[in-house]
K.L.:
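Following this message is one structure expressed as structure tokens.
FYI, side chains are in, hydrogens and waters are out, and symmetry mates aren't considered; it's all heavy atoms of this structure.
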Amino acid sequence: MTRLFGTDGVRGLANGLLDAQLALKLSQAAAVVLGHRQVTAGSRPRAVVARDPRASGEFLSAAVEAGLASAGVDVFDAGVLPTPAAAYLVADLGADFGVMISASHNPAPDNGIKFFARGGHKLPDETEDEIEALLTAEPLRPTGGAVGRIQRFSDAEDRYVVHLLTTLPHRLDGLTVVLDCAHGAAAGCSPQVFKDAGAKVIVIGAEPDGLNINDGVGSTHLEQLQAAVVSHGADLGIAHDGDADRCLAVDHEGAVVDGDQIMAILGLALKQAGKLKDDVLVATVMSNLGLKIALREAGVSIRETAVGDRYVLEEMRARGYSLGGEQSGHVIFSDYATTGDGVLTGLQLAAQVARTGSTLKELAAVMTRLPQVLINVKGVDKARVAADDGVAAAVAAAEAELGETGRVLLRPSGTEPVVRVMVEAADEETAQAIAQRLAGVVQSQLALA
């Protein structure tokens, strides 16, 4: 059977795969695995539940809370909040676990359910498998005073905002910042915290109606933010996605500053302040080679992981590293958060602009992005990509041609018969030529019969 949990919880079409019945059963199973198994006998587990503003989140959160309470868990309903806020509040409240209902950057018809363990940490695969295994089991059915209670977590947003403000290394007075909240979960708290930090704030994408989340706005659609920054003469722009666990930026000229550049800026700032553990940044194999070159020159090394913020988090937790993230804008500060936090990242980035007196463009220039070409080769046997001699020879030839000025990465898709061919080089023409050549070899060597 196909595993229900994906790379970031259970996600799918709301009222399709992900309906109220599944939400109820998932929460009842989680009540056992994350709640009753973790507390002393006779104690009632506590859980924080939050959601993004999708219309379907209303009935899904109701189903989740009903499932938890019916299984003997006390529920703190935090309402509409970013995913990282939910994770923070699990730890801040001392709750046993948390539930976030969101499909992140996906369109409004989709939704998802993800769980956080005690302390606000994402679940390992084994724990997700335990929850999934209990879906067909008879749920707990306490009665009388043993049923869970549901209460509004009335100061949830205030706690999160105060926490974010305590992380600031420098106030934002004098800065003009455009925020694109993706009509998502950050529409309330992100403008508030930037204003409280001293910035003049111009807001777009902050009128969620349940159906417009990520629709032409946010970190996957930066055009409106770019135009707004230039037209308002702002110092920078910050874009969140639907659940605000990622952040991309725009400089005062409207140029995009991606997650790699953000990590370069913040990594060097932490090193300068003596706060970058072991002078190491954790990034995925998809991060631009330019990031590695820039940090190496500054005495910072990179630990690479598989693609996905959960793998970055695992490496950071295992070795206590301070900073990590992805090109897509998931940036993790382990001193302040247990997951990627787009509002926190935006604040830290703006603080460096304010502290240094440099423009974001000048700060981002510490790293030169090498041209990166990605080709998806479809209809191939992805399982053979690492073992085929013809592919290996073609990769070796390409790597010899590039030397230290570029790199090659072949990565099988996790869900489709696709091999992703990525090539970086000193110029676009070389990257395109080598990527096309490798894609041709992959297609001919690994074609499905």
Side-chain angles (χ1 to χ4, degrees), residues 161 164-181 186 189-205 218-219 222 224-240 244 246-276 281 288 290-291 294-295 298 300 322-323 325 327-333 335-337 340-369:
V161 167
L164 291 174
L165 290 170
T166 64
T167 72
L168 271 179
H170 195 283
R171 283 185 56 81
L172 309 185
D173 302 276
L175 286 188
T176 299
V177 181
V178 181
L179 296 178
D180 182 347
C181 298
C189 61
S190 187
Q192 183 62 54
V193 74
F194 273 86
K195 289 174 185 174
D196 289 349
K200 176 184 176 182
V201 178
I202 297 154
V203 185
I204 63 175
S219 61
L222 294 171
Q224 287 194 47
L225 179 61
Q226 291 172 290
V229 168
V230 173
S231 65
H232 288 284
D235 295 290
L236 71 156
I238 299 294
H240 305 307
R246 61 170 82 177
C247 163
L248 293 180
V250 170
D251 70 22
H252 71 288
E253 294 182 353
V256 175
V257 177
D258 70 12
D260 285 341
Q261 293 168 295
I262 291 171
M263 287 191 289
I265 294 167
L266 298 178
L268 294 180
L270 286 176
K271 176 178 168 56
Q272 185 181 47
K275 296 180 178 179
L276 187 65
L281 173 76
N288 195 279
L291 174 64
L295 293 184
V300 175
S322 315
L323 184 68
Q327 190 179 73
S328 61
H330 286 118
V331 178
I332 304 154
F333 294 82
D335 288 343
Y336 309 124
D341 189 328
V343 185
L344 172 64
T345 302
L347 280 172
Q348 298 295 320
L349 187 64
Q352 293 310 314
V353 174
R355 184 185 69 82
T356 62
S358 301
T359 65
L360 180 56
K361 179 180 180 179
E362 290 168 338
L363 292 178
V366 69
M367 172 190 154
T368 300
R369 278 187 294 189

K.L.:
Measuring from atom CG of L344 to atom OG of S190, what distance do you get when rounded to the nearest 0.5 angstrom?
P.N.:
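L344 atom CG to S190 atom OG measures 11.0 Å (nearest 0.5 Å).
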K.L.:
Please enumerate all residues that pass side chain to side chain contact (heavy atoms under 4.5 Å, CB included) together with V230, with sequence neighbours excluded.
P.N.:
none
K.L.:
If you measure from CD on Q348 to SG on C247, what distance do you get to the nearest 0.5 Å?
P.N.:
10.5 Å
K.L.:
Answer yes or no: is there a side-chain heavy-atom contact under 4.5 Å between L268 and L295?
P.N.:
yes
K.L.:
Between atom CG of D341 and atom OH of Y336, what is the distance when rounded to the nearest 0.5 Å?
P.N.:
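These two atoms lie 12.5 Å from each other.
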K.L.:
Looking at every non-hydrogen atom in both residues, tell me the closest pair between A197 and L168 and how far apart they are.
P.N.:
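So the minimum-distance heavy-atom pair works out to CB-CD1, 3.4 Å.
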K.L.:
Are any non-hydrogen side-chain atoms of L360 and H252 less than 4.5 angstrom apart?
P.N.:
no
K.L.:
Nearest 0.5 angstrom please: L270 CG to I265 CD1, how far?
P.N.:
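Between atom CG of L270 and atom CD1 of I265 there are 12.0 Å.
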K.L.:
With sequence neighbours left out, write down each residue that passes side chain to side chain contact (heavy atoms under 4.5 Å, CB included) with V331, or none if nothing qualifies.
P.N.:
I262, M263, L323, F333, T345
K.L.:
On a heavy-atom basis, which atom in T167 and which in L164 lie closest, and how many Å separate them?
P.N.:
OG1-O, 2.7 Å
K.L.:
When you look at E362 and T356, which way does the side chain to side chain contact (heavy atoms under 4.5 Å, CB included) test go after all the steps?
P.N.:
CA-CA 10 Å; E362 290 168 338; T356 62; over 6 Å; no
K.L.:
If you round to the nearest 0.5 Å, how far is CG of L266 from CD of Q261?
P.N.:
11.5 Å
K.L.:
Suppose we screen for salt bridge (Lys or Arg N to Asp or Glu O under 4.0 Å). Which residues come up paired with K361, at least two apart in sequence or across chains?
P.N.:
E253
K.L.:
State which residue, out of D180, V256, V229, D258, fulfils the side chain to side chain contact (heavy atoms under 4.5 Å, CB included) condition with L222.
P.N.:
V256
K.L.:
Show the nearest heavy-atom pair for residues L175 and A350, with the distance to one decimal.
P.N.:
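It is CD1-O, 3.3 Å.
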K.L.:
Tell me, with the steps shown, if H232 and T176 meet side-chain hydrogen bond (donor to acceptor under 3.5 Å, both in side chains).
P.N.:
CA-CA 9 Å; H232 288 284; T176 299; over 6 Å; no
K.L.:
Could you pull out the closest heavy-atom pair between S219 and L248, with the gap in Å?
P.N.:
O-CD1, 3.4 Å
K.L.:
Under a 4.5 Å cut-off applied to non-hydrogen side-chain atoms, are L281 and L291 in contact?
P.N.:
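With C-beta onward as the side chain, the pair touches.
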K.L.:
Is any side-chain heavy atom of R369 closer than 4.5 Å to a side-chain heavy atom of D260?
P.N.:
no
K.L.:
Of the non-hydrogen atoms in A249 and L349, which two are nearest, and what is the gap between them?
P.N.:
CB-CD2, 3.6 Å
K.L.:
For D251, give me all partners under side chain to side chain donor-acceptor pair (under 3.5 Å), at least two apart in sequence or on another chain.
P.N.:
none
K.L.:
May I ask you to test the S328-R246 pair for a side-chain heavy-atom distance under 4.5 Å?
P.N.:
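Answer yes - side chains close enough.
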K.L.:
Can you name the nearest heavy-atom pair linking D235 to G174, along with the distance?
P.N.:
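Minimum heavy-atom separation between D235 and G174: OD2-O, 3.9 Å.
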K.L.:
For a 4.5 angstrom cut-off between non-hydrogen side-chain atoms, does Q352 reach S358?
P.N.:
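In short, these two side chains do not touch, never coming nearer than 4.5 Å.
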K.L.:
Once you round to the nearest 0.5 Å, how far does CD of Q192 lie from CG of L179?
P.N.:
11.5 Å
K.L.:
Report the residues that fulfil side chain to side chain contact (heavy atoms under 4.5 Å, CB included) with S231, sequence neighbours left out, ordered by chain and then residue number.
P.N.:
none
K.L.:
Could you name each residue pair satisfying salt bridge (charged side-chain N to carboxylate O under 4.0 Å, His left out) that touches residues 165-177, not counting sequence neighbours?
P.N.:
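Found R171-D173.
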